[in-house]
Amino acid sequence: MIEKNEFKDDLLNWFHENKRQMPWRETNNPYYIWLSEVMLQQTQVNTVRPYYNAFIDRFPTIQELSNAKEEDVLKYWEGLGYYSRVRNFHEAVKEVQNEYNGIVPDNPDEFKKLKGVGPYTNAAVMSIVYNHPIPAVDGNVLRVWSRLTCNQQDIALPKTKKDFEEELQPFVKTESGDFNQAMMELGATICTPKKTLCIMCPVQNHCLAFAKGQVSELPVKKKKVKKKTIEYSVLYITNNDGEILVRQRDTKLLNGMWEFPMFDAEDSIHTIEEELEAVIDVQQEPMFTTKHIFTHMTWNMKIYRAYTQKNNFEHPYKWIKKDDKDSLSFSTSMTKIFNKVNE
DNA sequence: AAGACGGGGAT
DNA sequence: ATCCCAGTCTT
C-alpha cells in the first residue's frame, strides 16, 4: 500500500518544480480555469493553448461571454472539435451571469448542475479554484493510479472509477487542487500510455507496478471490439397443415440450435426460393422487427410471415407443429420471435 | 450500458 | 492508413 504522506510529498515537490507553464496556471480567475478545463476535455495542452488565449482575449469576462451571440462564440472554437462543449459552456456561463450574479458558484453541488459540467470538470474546477477536496479522475489519473496501486481492474468499468475516487479521497484533504493537477501532469509527461519515463518518475519508489515490472501491462482496459451489425430477414413459413418450417444451424455460432429460416436482408426472394427449392409466398411488410445483441455482434431481424405448398423438406430443414417447438432447442432470439408471433 | 461527438498524435 | 484517445450528454 502506498505510504500516503511520503507519496504525496514526493509528488507535490516534483509538481512544484517541474510543472509546465500554461496560461491558465497564471490565474485564479474561476471563469478562465473553468474554460481551460472544458477546452482540455479530450484535447491536449498544446492544441488548447492558442484557442484559450484567443477566447479570453475576445471574451474576457463572464458578462461579455453571456452577451455574445452563439455563432460568434462558436467561431472561437472552430477546429477544436466536440462543439457541444462550447454550446454547453456558453449556456452555463449565461446561467452563472443570470442566476449567480456572474460569480462561479463556490459549491460543487451547484456548479455540477451547470450544462457541460460532469464529474471530472466539477472536481477539477472546484479543487483548483476553491480547494474543495474532490479527486479529479480523468484518463491520466486512471492510468497513473492503476499503475501506482497495480490495480488490474478494467478502467472502462464505472466501478473502477468509483474505487479510485474512494482511494484518492484521503490525498485531497489538503492541497486538493495541486494534488489533482500533479496526478494529471504526471500522467501527461511521465506516466504516459506508451514509452513511460519511469526512470524520471518522482514517485517510482511508491509504484507497485514498477516494483513488479508490470507498468507496460497497465492499465487494463478491455478494448471494445467494434460490434458488427447484420441485417436479417427471418421467415415464419407455414404450410397447409399450419406447421412451421425450421432448420438446424451448422455454423460456429449457435451450432446445432434450431431457427426459423433467415437470410441476409439484401437477398431477394429468388435467392431464398433457390436455397429452399420451393416457391415461397412472403408478405410484403414484416410483422415486426427485433434485434438480438451478442457480445460481439448484433442481429437486426425483420420477421416476415410466409407460406409454401412444398412439404418434403430435407435436413437441415424440417416442419414442426407449434406444440412440438419445445422438443427442439432454439436460441433465445428465435424463442422470442416464436412467442411474439403466437402471443 | 452503449453510442455520438472531432480533432490530433502515435504506430 | 489505422488505431487510440476516457468527458459529457443522449438514447
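This is a predicted model, so every value here is computed, not measured. Letters A, B, ... mirror the listed sequences (proteins, then strands); counts begin at 1.
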Mind listing the N/O atom pairs, protein and nucleotides 7-10 of chain B, below 3.5 Å?
from: B/dG7; atom 1: OP1; to: A/Tyr83; atom 2: OH; distance (Å): 2.8

Notebook entry, point to check: So, the side chain of A/Arg85 versus the backbone of A/Gly116: is there a donor-acceptor pair under 3.5 Å, distance only?
Noted result: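 It does not hold such a pair.
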
Next item on the list: State whether A/Phe313 and A/Lys310 meet the cation-pi test: NZ (Lys) or CZ (Arg) under 6.0 Å from the six-membered ring centroid, and within 45° of the perpendicular axis.
Entry: yes

Check: Distance under 6.0 Å and angle within 45° of the ring axis: does A/Arg247 meet both against A/Phe263?
Finding: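 Positive - A/Arg247 is close enough to the ring of A/Phe263 and near enough to its axis.
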
Protein-nucleotides 9-11 of chain C N/O pairs under 3.5 Å:
from: C/dC9; atom 1: OP1; to: A/Gly116; atom 2: N; distance (Å): 2.6

Notebook entry, point to check: Do the rings of A/Phe89 and A/Trp34 sit parallel, tilted or perpendicular, given the 30° and 60° boundaries?
Noted result: perpendicular

Next item on the list: Specify whether A/Phe179 and A/Phe171 have parallel, tilted or perpendicular ring planes, treating 30° as the upper limit for parallel and 60° as the lower limit for perpendicular.
Entry: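 Because their plane-to-plane angle is under 30°, the rings of A/Phe179 and A/Phe171 count as parallel.
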
Next item on the list: Identify whether any heavy atom of A/Tyr120 sits under 4.0 Å from a base atom; if not, whether one sits that close to sugar-phosphate; answer base, sugar-phosphate or nothing.
Entry: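 Sugar-phosphate only.
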
Next item on the list: Could you point out which residue of A/Val220, A/Leu142, A/Val137 forms a side chain to side chain contact (heavy atoms under 4.5 Å, CB included) with A/Ile155?
Entry: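 The passing option is A/Leu142.
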
Notebook entry, point to check: Are any of the side-chain nitrogens in A/Lys159 or A/Asp163 under 4.0 Å away from the carboxylate oxygens of its partner?
Noted result: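 Yes, this pair counts.
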
Check: Could A/Glu78 and A/Lys75 be called an ion pair, given the rule that one side-chain N must be under 4.0 Å from one carboxylate O?
Finding: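 Yes, this pair counts.
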
Check: For DNA chain B, whose closest nucleotide is more 5', that of A/Thr43 or that of A/Pro158?
Finding: A/Pro158

Notebook entry, point to check: Taking atom types as modelled, is there a side-chain donor on A/Asn151 or A/Gln153 under 3.5 Å from an acceptor on the other?
Noted result: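 Yes, a side-chain donor-acceptor pair sits under 3.5 Å.
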
Next item on the list: Output yes when at least one side-chain N/O atom of A/Thr121 is less than 4.0 Å from OP1 or OP2 of C/dT8, else no.
Entry: yes

Next item on the list: Only stems of 3 or more consecutive Watson-Crick or G-U pairs count here, both distances under 3.5 Å; name the ones for DNA chain B, or none.
Entry: B:1-5 with C:7-11, B:7-11 with C:1-5

